[in-house]
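These numbers come from a predicted model, not from an experiment.
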Amino acid sequence: MKKSTEIQSLPIINISDGSEIGKVRSLVVNPEKGSVDFLTVEHEDWQISVRAIPFKKVVGIGEYAVTVEHENAVIDLNEIPIANSLVNKKIRVADTRLMTRKGQMIGEIVEFHVDDESGAIRTLEVKSKSDAYYLDSPHVLTWGKDIVIVKEDAAEYFRETLVEVEVEVEVEDISTPQEAAATQADGLKVIENRQMELLVGRQTADDIFSLEGELLIPKGAELTRTNIQSVKEAGPSVFVELTMNIR
């Protein structure tokens, strides 16, 4: 799962040619399904129309970037009425109040967690008075613009710790938790390998420094797996700086 804030502002990388095609501007929630169906795209050259990526077109959401197979994954919302309608509903989830179906206010949603494979909203982070809790999405009845309505007994299911919500797996031969964990790890490894492949051989457009000011890769240097790994180890913000300064 990913926090919504972990997805927002991530660079969007086109795997086919290694180019950056924008950044994630916002997450578009479908209130009927309780899922993130689109990611709107921020790009300095797209000032008039609003563009977005259907979540099903996302290859992966990593620590440093969102990846898609090709630039044609980006669509103009004016050409897709359903997508445009969802954007106009402005369902934001975070910063909305949490109310039971009988009108009892039980908290405020400060964050939500998304299944990075399906886009389904899995868990809500709720602030109630001075305490923080987690609530799983099956307790939600209505995803509203200003208020999220939950079942009457939802507060009884508040948890103090975040637990990964189990996702239905269609592959029948995954029979143990160890095998499921191995499958997830394999998926993350594929995404990391794709990130590495789109950077290897490119050149830096500027000097890349660590957070302590140490020069990691000089301007004009050709990227290798070794120096890319050194940047990754320097931290997420340093890696993002690298992805923003390649040619």
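- Under a hydrophobic-cluster definition in which Ile, Leu, Val, Met, Phe, Trp and Tyr are linked whenever side-chain heavy atoms come within less than 4.5 Å, directly or via other members, Ile109 and Met99 are assigned to different clusters.
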Item to check | Verdict with reasoning, Ile12 to Val74, per side chain to side chain contact (heavy atoms under 4.5 Å, CB included) | outcome: CA-CA 10 Å; Ile12 302 169; Val74 179; 5.8 Å; no
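- Counting only N and O atoms by type, the side chains of Ser26 and Gln8 include no donor and acceptor under 3.5 Å apart.
- For the atom pair Leu98 CG and Ser128 OG, the distance stands at 9.0 Å (nearest 0.5 Å).
- Using cut-offs of 30° and 60° on the angle between ring planes, the pair Tyr133 and Phe158 is parallel.
- No donor-acceptor distance shorter than 3.5 angstrom exists from the side chain of Ser210 to the backbone of Ala234, with no hydrogens or angles considered.
- Considering only heavy atoms from C-beta on, Tyr134 comes within 4.5 Å of His113 through its side chain.
- The heavy-atom pair separating Gly34 from Trp143 by the smallest distance is CA-NE1, 3.3 Å.
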Checklist entry - When you look at Leu124 and Phe112, which way does the side chain to side chain contact (heavy atoms under 4.5 Å, CB included) test go after all the steps? => result CA-CA 4 Å; Leu124 306 176; Phe112 62 99; 3.9 Å; yes
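- A distance of 12.5 Å separates OG1 of Thr96 from NZ of Lys145, quoted to the nearest 0.5 Å.
- Using a 4.5 Å heavy-atom cutoff, the side chains of Val66 and Ile53 are not in contact.
- Two residues are said to be in side-chain contact when any heavy atoms from C-beta on lie closer than 4.5 Å; Val93 and Leu27 fail this criterion.
- Hydrophobic clustering (side-chain heavy atoms under 4.5 Å, transitive across Ile, Leu, Val, Met, Phe, Trp, Tyr) groups Ile7 together with Ile121.
- A donor-acceptor pair is defined here as one N or O able to donate and one able to accept, closer than 3.5 Å; such a pair exists between the side chain of Asn88 and the backbone of Asn84.
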Checklist entry - Does the side chain to side chain contact (heavy atoms under 4.5 Å, CB included) test come out yes or no for Val238 and Ile208, once each step is laid out? => result CA-CA 8 Å; Val238 181; Ile208 305 299; 4.1 Å; yes
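- The minimum heavy-atom distance between Gly107 and Val126, with the atom names listed, is CA-CG1, 4.0 Å.
- Under a 3.5 Å cut-off, the side chain of Ser35 and the backbone N or O of Asn30 do not form any donor-acceptor pair.
- Contact between Ala65 and Ile13 at its shortest, heavy atoms only, is CB-CG1, 3.8 Å.
- For Leu215, the CG atom counts as densely surrounded, since its 6.0 Å shell holds more than 12 non-hydrogen atoms of other residues, nucleotides or ligands.
- Between Ser4 and Glu111 there is a side-chain heavy-atom pair separated by less than 4.5 Å.
- Here the closest non-hydrogen pair linking Arg92 and Asp95 is NH2-O, 3.3 Å.
- Under a hydrophobic clustering in which Ile, Leu, Val, Met, Phe, Trp and Tyr are joined whenever their side-chain heavy atoms come within less than 4.5 Å, directly or via other members, Val200 and Ile217 fall into the same cluster.
- Counting heavy atoms from C-beta outward, Ile21 and Val41 have side chains that stay 4.5 Å or more apart.
- Between Asp136 and Arg159 there is a side-chain heavy-atom pair separated by less than 4.5 Å.
- Note that CD1 of Ile15 and CD of Glu69 are 4.5 Å apart. Values are rounded to the nearest 0.5 Å.
- With hydrogens and angles disregarded, no donor-acceptor distance shorter than 3.5 Å links the side chain of Ser19 to the backbone of Asn14.
- Ile147 CD1 to Arg97 CZ: the interatomic distance, rounded to the nearest 0.5 Å, is 4.0 Å.
- Of all heavy-atom pairs between Ala154 and His139, the closest is CB-CB, 4.3 Å.
- The main-chain N or O of Gly144 is never found under 3.5 Å from a side-chain atom of Thr142 such that the two would form a donor-acceptor pair.
- No more than 12 heavy atoms of other residues, nucleotides or ligands shown are found within 6.0 angstrom of CZ on Arg25.
- Contact record, Val110 with Lys127: CG1-CB, 3.9 Å, taken as the closest heavy-atom pair.
- Within the 4.5 Å cutoff, side-chain heavy atoms of Leu223 are placed close to those of Leu242.
- With values rounded to the nearest 0.5 angstrom, Ile61 atom CD1 is found 7.5 Å from Lys2 atom NZ.
- Other residues, nucleotides and ligands contribute only 12 or fewer heavy atoms inside 6.0 Å of the NZ atom of Lys57.
- Here the CG-OG1 distance, from Leu162 to Thr123, works out to 5.5 Å after rounding to the nearest 0.5 Å.
- Annotation: side chain of Leu86 is in contact with side chain of Pro31 (closest heavy-atom distance under 4.5 Å).
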